[in-house]
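One-based numbering along the sequence shown.
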Amino acid sequence: FHPTSIASWNAALDIVEASRGAAALVTTGSGKFFSNGLDLEWLKTNFAAHGDAFVRSFHALLRRVLTLPMLTVAAINGHAYAGGAMMALAHDYRLMRADRGFFCLPEIDIHIPLAPGMNALIQAKVMHPATFRDLVSTGARLGGAECLERGLVDDVCGDEEVLPNALELAASLAPKGKDRRTMGALKCEAYQHAVHMLDTSGASHAML
């Protein structure tokens, strides 16, 4: 994620939210990555001048996906690292490739503390204390089978099945997206602490 890609995400979500009727959203990556997270080279170069604004823009995108007024499915086709793992967590459902790819929050190993909004999102979605500890404090790299066992994803499947299965799931969920007002309100209430922190916090002063 960098400013241009965040703008592209928001433009796509504008189109999604402007739709009417039954709908659900599926996102996926390409190649061996679902998403490798924030563009750290850009962030290191621009942190002094733009770091806080950039992190706030990423928080706003996470918040937008988290509370999108329809159900969302992340088709995790490969590695989901750092901000990419957070984006996957912002979705309502997650399907992951079984044979390749890791889900990982490597901030402990790359020496970048989580911003408050990011931490709040992870707390909202990672329910098991031991899993939260392992992801945040040790940077554990979890494959599909272990993610399923720990409740981080809803299903695992073969490489060629991830996106088709995600689309099939989304189609079954789409009728719930008819009432956008209620769906959006339910999500905002369910994740109100994460929403508040994503809305109000910027970069941790210790991030870089």
Side-chain angles (χ1 to χ4, degrees), residues 1-2 4-38 58-105 121-122 124-126 142-145 147-148 150-188 190-191 194-195 198:
F1 291 95
H2 51 73
T4 302
S5 63
I6 289 175
S8 295
W9 268 78
N10 280 313
L13 290 174
D14 287 343
I15 296 170
V16 170
E17 291 199 68
S19 67
R20 294 290 182 268
L25 176 70
V26 175
T27 70
T28 193
S30 60
K32 64 180 183 179
F33 291 101
F34 172 74
S35 172
N36 211 23
L38 302 185
F58 183 59
H59 279 182
L61 179 59
L62 290 173
R63 191 250 204 241
R64 191 172 184 185
V65 174
L66 180 67
T67 61
L68 199 72
M70 63 186 68
L71 292 169
T72 57
V73 183
I76 306 173
N77 58 293
H79 301 303
Y81 267 65
M86 297 172 211
M87 180 55 73
L89 288 173
H91 289 66
D92 298 301
Y93 294 84
R94 287 165 293 281
L95 276 62
M96 188 172 180
R97 182 174 171 176
D99 62 328
R100 185 175 180 181
F102 290 108
F103 187 98
C104 180
L105 296 170
L121 170 67
I122 298 164
K125 288 299 190 96
V126 180
L142 306 180
C147 283
L148 181 62
R150 290 175 178 249
L152 292 171
V153 300
D154 298 281
D155 199 6
V156 295
C157 49
D159 177 30
E160 299 299 321
E161 300 171 309
V162 175
L163 184 56
N165 287 6
L167 291 169
E168 182 179 357
L169 174 60
S172 73
L173 297 170
K176 302 298 182 182
K178 287 182 179 179
D179 184 352
R180 307 285 176 87
R181 183 184 65 83
T182 300
M183 180 65 75
L186 288 170
K187 289 187 179 185
C188 286
Y191 305 120
V195 167
L198 289 167

Handout entry: Arg64/Asp14 under salt bridge (Lys or Arg N to Asp or Glu O under 4.0 Å): CA gap, chis, key distance, verdict
Key = CA-CA 10 Å; Arg64 191 172 184 185; Asp14 287 343; 2.6 Å; yes
Exercise for the section: Verify side-chain contact (heavy atoms from CB on, under 4.5 Å) between Leu152 and Val126, making sure each step is shown before the conclusion. Expected result: CA-CA 7 Å; Leu152 292 171; Val126 180; 3.9 Å; yes
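Arg100 contributes no side-chain N or O that, together with a main-chain N or O of Gly143, makes up a donor-acceptor pair within less than 3.5 Å. When atom types are taken as modelled, the side chain of Arg20 and the backbone of Ala18 share a donor-acceptor pair closer than 3.5 angstrom. With Asn77 contributing its side chain and Phe33 its backbone, the two residues share a donor-acceptor pair below 3.5 Å. Between the side chain of Ser19 and the main chain of Ile15, no donor-acceptor pair closer than 3.5 Å is present. No donor-acceptor pair under 3.5 Å is formed between the side chain of Thr27 and the backbone N or O of Ala74. Here the side chain of Asp92 pairs a donor or acceptor atom with the backbone of Thr72 at under 3.5 angstrom.
At least one side-chain heavy atom of Leu62 sits less than 4.5 Å from a side-chain heavy atom of Met87. Side-chain atoms of Leu95 and Glu161, non-hydrogen and from C-beta on, never get closer than 4.5 Å to each other. Side-chain contact between Leu25 and Leu13: present, with at least one pair of heavy atoms (C-beta onward) separated by less than 4.5 Å. Between Leu89 and Arg94 there is a side-chain heavy-atom pair separated by less than 4.5 Å. With contacts defined as side-chain heavy-atom distances shorter than 4.5 Å, the pair His79/Cys104 does not qualify. Side-chain atoms of Lys125 and Leu66, non-hydrogen and from C-beta on, do get closer than 4.5 Å to each other. Put simply, the side chain of Leu198 does not reach to within 4.5 Å of the side chain of Tyr191, judged on heavy atoms. Residues Asn10 and Leu61 have side chains in contact (heavy-atom distance under 4.5 Å, counting atoms from C-beta outward).
Nearest heavy-atom pair across Phe34 and Gly84 is CE2-O, 3.6 Å. The two residues Ala194 and Ala124 make their nearest non-hydrogen contact at CB-CB, 4.1 Å. In this structure, Ala23 and Arg180 approach most closely via the heavy-atom pair CB-NH2, 3.5 Å. In terms of heavy-atom proximity, Val156 sits nearest to Gly144 at CG1-O, 3.3 Å. The two residues Val26 and Ala75 have their closest heavy-atom pair at CG1-CB, 4.3 Å. The heavy-atom pair separating Phe58 from Gly83 by the smallest distance is CZ-O, 3.6 Å.
Of the inter-residue distances, the one linking Leu173 atom CG with Met70 atom CE reads 12.0 Å to the nearest 0.5 angstrom. For the atom pair Met86 CE and His91 NE2, the distance stands at 14.5 Å (nearest 0.5 Å). The distance from the CG atom of Asp154 to the CG atom of Leu169 is 7.5 Å, given to the nearest 0.5 Å. With rounding to the nearest 0.5 angstrom, the CG atom of Leu105 is 4.5 Å from the CD1 atom of Ile122. Atoms CZ and CE, from Phe102 and Met96 in turn, are 8.5 Å apart once rounded to the nearest 0.5 Å. For the atom pair NZ (Lys178) and NZ (Lys176), the distance works out to 10.0 Å, reported to the nearest 0.5 Å.
The aromatic rings of Phe1 and Trp9 sit tilted, their planes meeting at an angle between 30° and 60°.
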